[in-house]
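The structure presented is a predicted model; accordingly, all values stated were derived computationally and were not measured. When a residue number appears, it is its place in the shown sequence, counting from 1. When reading the values below, keep in mind they use all heavy atoms of this one structure, side chains included, and skip hydrogens, waters and symmetry mates.
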Amino acid sequence: MASRTEFPTVPRPPVEFDSPAIAQFVKRVGDLADEVNAIETGEREMNERLFQLYALTADERLLVENDHMRRREA
């Protein structure tokens, strides 16, 4: 099974969010993280449907998932 992308915890900025640029940046980073999580969820769901379509065994699923992870790391 594909692992979820973990984003590092970023310390709070030294200034308050009274700056529109800072607030916009923080919102956009959060929105991007949500988009990445949605894409990864969709990918996992699609993979599960394909595994069912091709009636892959547990061992075959592991082969596919391990190959996918190896390619992602390259």
Side-chain angles (χ1 to χ4, degrees):
M1 183 174 250
S3 65
R4 181 178 172 190
T5 301
E6 295 294 328
F7 294 97
T9 303
V10 178
R12 184 177 164 175
V15 295
E16 294 299 319
F17 288 118
D18 57 356
S19 166
I22 292 173
Q24 181 183 16
F25 175 77
V26 170
K27 181 180 180 334
R28 185 64 184 138
V29 168
D31 291 346
L32 288 171
D34 292 343
E35 288 178 37
V36 167
N37 289 332
I39 290 168
E40 289 177 343
T41 298
E43 182 180 11
R44 282 190 301 276
E45 290 170 357
M46 182 178 61
N47 286 343
E48 183 59 35
R49 288 180 183 154
L50 288 169
F51 293 159
Q52 291 173 4
L53 176 67
Y54 289 103
L56 296 182
T57 65
D59 288 338
E60 291 168 330
R61 287 178 181 218
L62 284 174
L63 286 172
V64 171
E65 290 170 351
N66 288 337
D67 184 60
H68 176 72
M69 292 306 292
R70 190 177 72 235
R71 289 179 188 206
R72 270 185 127 170
E73 294 171 356

Partner set under side-chain hydrogen bond (donor to acceptor under 3.5 Å, both in side chains) for [X], not counting sequence neighbours:
X	value
E60	T57
R49	none
E73	none

Report, one line per pair, each donor and acceptor closer than 3.5 Å where one atom sits in a side chain of residues 27-35; sequence neighbours left out.
from, atom 1, to, atom 2, distance (Å)
K27, NZ, D31, OD2, 2.9
R28, NH1, E35, OE2, 3.4

Subject >> Connected hydrophobic set around V64, excluding itself, where side chains approach under 4.5 Å >> reply: M46, L50, F51, L53, Y54, L56
**OP:** Quick one: pull up CG in D59 and CZ in R61 and give me the separation to the nearest 0.5 Å.
**Re:** 11.5 Å
